[in-house]
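Have a look at the structure below before the remarks.
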Amino acid sequence: MRTIQPTENYIFAKAITQDAVSSSGIILSTKQEKKTAEVINIGEEVKLIKPKDEIYYIPTPHTQGIKLNGEDFLLIHKDNVIGIVKDNE
């Protein structure tokens, strides 16, 4: 399987999608994108984020969509990451 090793400040990730559900339980969309992604690879300048982390990000015109191995991925600049999802332990 092919992958991408991002350069410097970029993160290669797969967007996480979730169905949007109304308060009455009606599914509003089959693929409502949350602004979260699972990290696949990171550039060498990215320090606090590691592969398999779930991140919250701000999509910008510089967020690049990539199709690889028949799947959709993202290249996200590290400055657009606003949080890392952590489990309370």
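Computed from a predicted model, the values in this text were never measured in an experiment. When reading the values below, keep in mind they use all heavy atoms of this one structure, side chains included, and skip hydrogens, waters and symmetry mates.
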Those residues that, when tested against E45, pass side-chain contact (heavy atoms from CB on, under 4.5 Å) (two or more places apart) = E8, N9

Pairing residues for K86 by the side-chain contact (heavy atoms from CB on, under 4.5 Å) criterion, not counting sequence neighbours | K50, I84

Closest heavy-atom contact between [X] and [Y]?
X: L74; Y: A15; result: CD1-CB, 3.9 Å
X: E44; Y: K47; result: O-NZ, 3.2 Å
X: Q5; Y: N41; result: OE1-CG, 4.1 Å

Any side-chain heavy-atom pair from [X] and [Y] closer than 4.5 angstrom?
X: I49; Y: I55; value: yes
X: P6; Y: L75; value: yes
X: F12; Y: T3; value: yes

Quick check for you: to the nearest 0.5 Å, what is the distance between [X] atom [atom1] and [Y] atom [atom2]?
X: T36; Y: D53; atom1: OG1; atom2: CG; value: 12.5 Å
X: D79; Y: Y57; atom1: CG; atom2: OH; value: 16.0 Å
X: I42; Y: I76; atom1: CD1; atom2: CD1; value: 13.0 Å
X: L68; Y: R2; atom1: CG; atom2: CZ; value: 5.5 Å
X: N80; Y: K35; atom1: CG; atom2: NZ; value: 12.5 Å
X: H77; Y: Q64; atom1: NE2; atom2: CD; value: 12.0 Å

With clusters defined by side-chain heavy atoms of hydrophobic residues (ILVMFWY) lying less than 4.5 Å apart, directly or transitively, does [Y] cluster with [X]?
X: F73; Y: I16; value: no
X: Y10; Y: I4; value: yes
X: V46; Y: V81; value: yes

Inter- and intrachain pairs under salt bridge (charged side-chain N to carboxylate O under 4.0 Å, His left out), touching residues 59-72, at least two apart | K14-E71, K67-D72

Does CG belonging to L48 count more than 12 external heavy atoms closer than 6.0 Å?
-> no

